[in-house]
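Following: one structure in structure tokens, then a few remarks.
The sequence lines fix the lettering, A, B, ..., with proteins before strands; numbering per chain opens at 1. Please read all numbers here as calculations on a predicted model, not as lab measurements.
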Amino acid sequence: MSVSNLLENWSEFRHKHPVEDVPHDPYKWAMSIDLDACTGCNACSVACYAENNLPVVGKEKYAHGQAMHWMRIERYWPEDDREFPDQGAQFLPMMCQQCEAAPCETVCPVGATNHTPDGLNSQVYNRCIGSRYCSANCPFKVRYFNWYDYPTTENVWPAEMTQQLNPDITLRGKGVMEKCTFCIQRIRVGQRSVKNEGRVLRDGEVQTACQQVCPTNAITFGNLIDTESKVHQQWKAQRVELAVDEQTKDKEEGGSDLRGYRILEELRPYPSVMYMERVRESAI
Amino acid sequence: MIDNDFDRRDFLKVLGWGGAAVALSGCGNTSIEDGKETVVSYVHAADYVIPGISVYFNSTCAQCEAGCSINGRVREGRVLKLEGNTSSIINRGKMCGLGQAGVQHHYNPDRVREPLLRNGDKGETITWEKAYGLIAEKLNGVSGDQIDFLTGTVSGHLKVLLGNYLESLSSENHFVYEAVSPAVQRAANMKSYGMEMPRFSINKAKVVVSFGADFLGAWVSPVHFSQQYAEFRKGVDGQRGVLVQVESKMTITGANADRWLVVRPGTEGILALGVINALGAAGLQLPADVAAAVKGYDKERVSKDTGVSTEHLARLAALLKERTPSLVLLGSAAEGYAHGSENAAAINLLNHVLGNVGKTIEASSAVPFPQIAPATGNYAALRLANNRLADGQCKVLFTYATNPIFTAPTEMKFKENMAKAGFKVAFTHYLDETALQADLVLPLDSALEDWGTIVAEYQPDGVQIGVQQPLMEKLYPNTRGMGDILLALIKQRRAEEYKSFDDFYSYLRTALLKNKGEFAEAGVDEDVYWNDLLSAGIINVGGNVNKLVDKISTNIQLPPPPERDKDYPFTLIPSVTASLRDGRHTNQPWLQESPDPLTTIVWDSWVEIHPKKAAELGIVEGDILEVESRNGSIKAQAYLFPGIHPDAVSIPLGRGHEAMGRYAKGYGVNPFQILDRVFDKETAELAMHETLVKLRKTGQRIIVVKDEGPVGGSQQGRKIAVSVSSDQVDLSEEV
Amino acid sequence: MSKRHLLAIFSNFDEAEAAVKELRGSSIKGFDASQDLVVKSPIEHPEVEEFLGAKPVYVQWFTLVGALAGGLLAFFLISGAQANFFDQIKGGKPVVPFPPNFVLTYEMFILGGVYISVLGFFICAGLPARRSPLYSSKVSEDQIGILVKTDEESAGVLKGIFTKHDALEIQEEAGK
Amino acid sequence: MKDIREDIAWAKINKDVLKSLESPRKLYWAILTVAIAMVAVAVGCEVYQYNVGMGVANMDNPHVWGLYIATFIFWIGMSHSGTLLSAILHLMHADWRKPIYRFAEAMTTFSLMTAGLFVAVHLGRVWQIYYALPYPNERGVWPNFQSPLLWDAMAIFTYLSSSILFLYVGMIPDLAICRDNIHSGWRKKLYTLLSLGWEGTDRQWRNFRITYLTIACFLIPLAVSVHSIVSSDFASSQQPGWHITSFGPYFVAGALYSGCAAIITLFIILRYVFKFEEYMTLPILKKVVRLTFAIAMVWTYLNLIEYATVWYSHDEASKHVLIMKATGVYAPFWWMMNFCGSIVPLVMAFKRFQTNIPVMMVVSLLLNLGMWLERWMIVAPTFADGYYPWTWDHDQWPSFVQWGIVFGSFGWFTLLFMVFCKIFPSVSMYEVKEMVYHRSLANKKLEVTGMQESGKGAH
């Protein structure tokens, strides 16, 4: 700690983020989710429970709104007054959007949630004191608080089931906030293993649990900087840019015939998850 | 900045390896259960147990009958997570929620761990020797036709061994019962295509019209079809596939349809014939007999009978005519009526008319060794078994992988009839409803501890034999694999013949190696071959392709939709959900807490009712309704659900257990109990959708435990989940 | 030369004022009105300062120094901590963001000002103080006290002045 | 009617006030017992919550904040009136404040101490609360200075410690009086220690005056900053219904409002309990009531401005929150808040009610209820109807644990206040003397110039 460091690197400390001149390098993790492919089957959500040691809170606590599903599948109905939803329902997998300018990060009193150099919104369980301000300020409400001490709660993980727990991740005790991490444990293992080879991760070498399991490949995860990655190509093809609050394509006359969009983009959190609109056939 | 030359991670690495070495050479526990307190549980750790490093083994999922190949992550000798095996043509590396919950089946705290012998109302722990002795004793003096085996679907070498055992007992009474099965369809397909289960290529179709086939949820092989569906949506020749779903209660597949056509319950066949009629009207050349058969099904009549507007009917016909090939699927919703076979025939006829047979409906391959082909289950088998029990023809009953007391309608009195058998043996994982009625309960290894082969009924390409192998050591010393048990039992009869097999593993190995020539190149070493086979987890064989017939049957007798019954005005649709199915895995908490995709309800049962009807009856969400059929009543919370025909109500299957374990018992209700005994006329299958019910408000109201908020599926005008019409989007440049 | 303390008690400010004025006007050996005269009163009374003559108060300098130091400390402590705390970006804001730092600087500015002012008060007012040799609890009630220190031989003169101005009571004690 | 008689003997002032420090009456013990019982309830709830987890408070996702935060703001707000009376009115030489500012200042201190507890009670891991302190450490880990919660902590610490110093410094002359009049027991030692050898010398008074004035000058911007920082917990966030520019002044006005209402309540209680009719006179009450009325109208204005700007804006989400406040599950409380906050104070506009003690007691309690509801109506409805419709939650209701701790906080405050009143003079003796003295001087002047009017309206 020194004031000289402060003064010497003053301009660096005054940078806003994300900016063009200091991009993430070599990684910026991002997702794209094709809502036309998503069937709402919930496999991703179960995969998340399995991978990330999420507690099954039980009926009573679920009723109190204390469920811990980092990834939830939302189901929307058409909102005109049709008698039957004759174009089906619409499903939306919602998890932490890993915002580049995350509203949750600034408000944490102890700095338990930060932005990592590879563009993730990290959550430091050890540091968290449970003020829950991050959740209060999250527009998507994708942060989940440990209202109880689940590791010791009856029937959450009976002794037999503790053997299933993923040792790469800690169990969270009571009073700690948690959320989707883009399976950071997998990312870190991957990054470390390629570090020895002196290269960066290639597309597909790290998959998130939800992506890996998705039966329709609706979820694409990868490095947005890597031009070879599918996620990069999808964002590019959909003309969705990261650090804007309104996409150029949407400002064009007549709108856009591309499907990519981001949820609550206008609030300027710069989410790292792009959704692609569900399509419904016009001929039927 | 924190600048430190000493890399902490490197330090930990060094420490970690050193520590592991000490641990490896140190303590003396041999089982994981014993060694819980130690870092590493083995003295002589297997080669693959490297502390901190995960290893992956392929096996086969036993959570449903689809036969997906799984890839289990194992660390420190414990299986942690199941992924899909990427080389499996069934699931291509993907999984469903139910499959992933297999680890919770394995680690379930409510598994039976010791053989139990009934002693009054209690179970007394006994040894396996005693159990085997007891079975031998009870079988002594009982003739073969007094011994019944009631099982779920069995396939592979377990089926072979079971057959051999039955043969040794000179019993032919193997009843394969599945409460939820496409049995009517099998019969109809046999007639229409010459095989029970042809290959359906959704990915080759430009239009899929599904009559109640929930192929994205619980129908036949959902993970496989989901992948086909994804390709279908991406498009054949650049044209995005169009899905039309016809059903009375929206399934998850219906929720993903471009057009969901709600029909009056039971009129699926009428609609199918109506579409043929409309196709003819639109200029499609129909064979004369077909044209004659559908003559009466003009669009006004069909629209009146089914409730589908003439406009939609015309548009559907136009679309089918314009975009070929298409595919018409037939699912449980269309089958579940007294005229289910007729419905099925009508729907299959549509495929014939559209010329889909041979294009999107292709011949499946025969399993090269018929003895390992799956014995598919149906309801008729239970009926037979139940009759035998009722008549006292069965003295010794073995049950395996089935829970008939839970899934049989109460009116069958299966529980009472089962008591008539002198000696009941349940091979089971849980003390479920059926096991509780048994005299001897024999605990099984979990699917992740056991050996075996699984052959799925639906084979997407050739035949894939799934190899099931233990992903870790047994959790409990006194559980046994089903194969081992059968081998032990068969040795009681034919010791000489089977003496060379120490256990089921050696039986399996011998059996598979015997056919090495069929699967592998000549001259491969046996051990190499065996190891390759285990590491692949699957055996792909070409199999002889069955011959597809394109047989048109126009003798279809569809009844007009009945008048609504005044006393019982609603059709009860017992819905099959993707995660709970017939309730055999309800004790897996991930499945209980995984919200139903359409209602987002967890941990409980509910009654779906159309909001319009609910308003008429003054029902609001959370009202406890008594749903009463002629055969009983159950009480569950009301959920206002727009995706259901106003004449129908729907309750999901799978919940309402009175036993089985802490996560299943006492949650929800079991609609199997109140089903009416109406049967499909041709196949004698239980017509699951023929139960008529009435609703009564009990006056209680609760808050429904669900994930959706108070505004339900409304986005409140915010841009959250966006939908776009296909003519307003350019999919050509997409990646 | 030994000194002697005298405490005279007056019933009101007017009498005390008159006495003080006379004391300041007179020249008595061994008594310097600017140093050896202390007025004790039960209330804060601006006239006391007037008739005692202007005396400087330095508390405000403590305040100035305290406030500035507090503010500067805050800004540099906080900015320094931010710059050195793993250099973590939060919410897309600069690592050293001005708005929050100004808020905290402002608070520390006040905190420093208040603390150091109070410290200054104690220093300037000589608190905590040893009890003076002569004290009457009447001073904290409703009477005015004048405490003087003088040479033994001048005590009488002073007593005379106090008596002249209707002192209710005069205490005396041998000084050191 | 005069706000204080100018002919009260100073000795009598000492006697009357010191009497309040004597052995308590039964009523005192009764109140104290009730207060302790209330605290016991809160402690019980907190122990339960600490052991089992925050879930027992019935909070959920998205209702991550509840009554704790609302009540926290309430107590912080309560503290502002002390500063108003002691600092602002001091600078303005409104000397009618003198008999009542001491207890108001004590109220400031104790309500801050109560509010501080809510910060701890609210935390999921209260045992790690020290993470929020900026202490130097080996790992170079500091709290996040960007967080409004940290600003809160800093502001409250500053405010609390400055208030305590202000209270203490202002009390030193009175402590000396206590020292001079109480001659035995631990009290003697305590007063001797705390009075720091104060003898009322000219040097002491001279520095005292400047210091007191200086701290008062600091306290005014501090008080304003504290509550606007509390408002930035909400205004600096991004949530609909919170992200409102006018929140700073709105919170400050609300704070002064609830504080003044509390002063009226305590005024009436102390007047009755300690028989301070001579000092806490009805004319003073009238002045406080008028001040409260004025602040009530300022608050009403700011409240309406908040609604108006939200309504007039194009921010649909905020607008929806407002509509749901008025029509949703919280509607009864929201309307109650508006009624208590804007309609009830109209009673204060009537002269005959201004000095009617029972009416004012009821009104002041209703005002406080309204202001507590205001805080709750800021916190909860935004969670119930935030940006993301899927997570809206209209079923959440605070459990007995939350209510118990809120309930107990009033006991805690009462306990602290009661103990304070028995140990320290709750009326500033030396300042009342000053007041009486100045009144008598003014009278004298009037007599001299022969322009004395008949009693009324000297100030």
Cation-pi check, D:K319 to D:W311: give yes when NZ or CZ is under 6.0 Å from the six-membered ring centre and within 45° of the ring axis, no otherwise.
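The answer is yes, since D:K319 meets both limits relative to D:W311.
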
Examine A:R132 relative to A:F145 and say whether NZ or CZ is less than 6.0 Å from the centre of the six-membered ring and inside a 45° cone about the ring axis.
yes

For D:F251 and D:H80, I'd like to know if the aromatic rings sit close, meaning centre-to-centre distance below 6.0 Å.
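Not under 6.0 Å, so no.
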
Chain A contact via [X] - side chain, backbone, both or neither, heavy atoms under 4.5 Å:
X      : result
D:W127 : side chain
D:S232 : backbone
D:H63  : backbone
D:F145 : neither
D:D152 : neither
D:Q396 : neither
D:Y50  : backbone

Among the options A:L92, A:V176, A:V110, pick out the one with the most heavy-atom pairs lying under 4.5 Å from chain D.
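Between A:L92, A:V176, A:V110, the count favours A:V110.
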
Using a 4.5 angstrom heavy-atom cutoff, name the option from A:R75, A:E105, A:R143 with the most pairs to chain D.
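Heavy-atom pair counts peak at A:R75.
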
Please name the residue in the list D:Y388, D:W242, D:Y330 that meets the ring pair (Phe, Tyr, Trp, His ring centres under 6.0 Å) test with D:F383.
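Single ring pair (Phe, Tyr, Trp, His ring centres under 6.0 Å) partner of D:F383 among D:Y388, D:W242, D:Y330: D:W242.
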
Could you report the tightest heavy-atom contact between A:I73 and D:W390, atom names first, then the distance?
O-CZ2, 4.0 Å

Polar contact flag, side-chain donor to acceptor under 3.5 angstrom, A:E60-A:Y62
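Looking only at side-chain atoms, A:Y62 and A:E60 do not form any donor-acceptor pair under 3.5 Å.
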
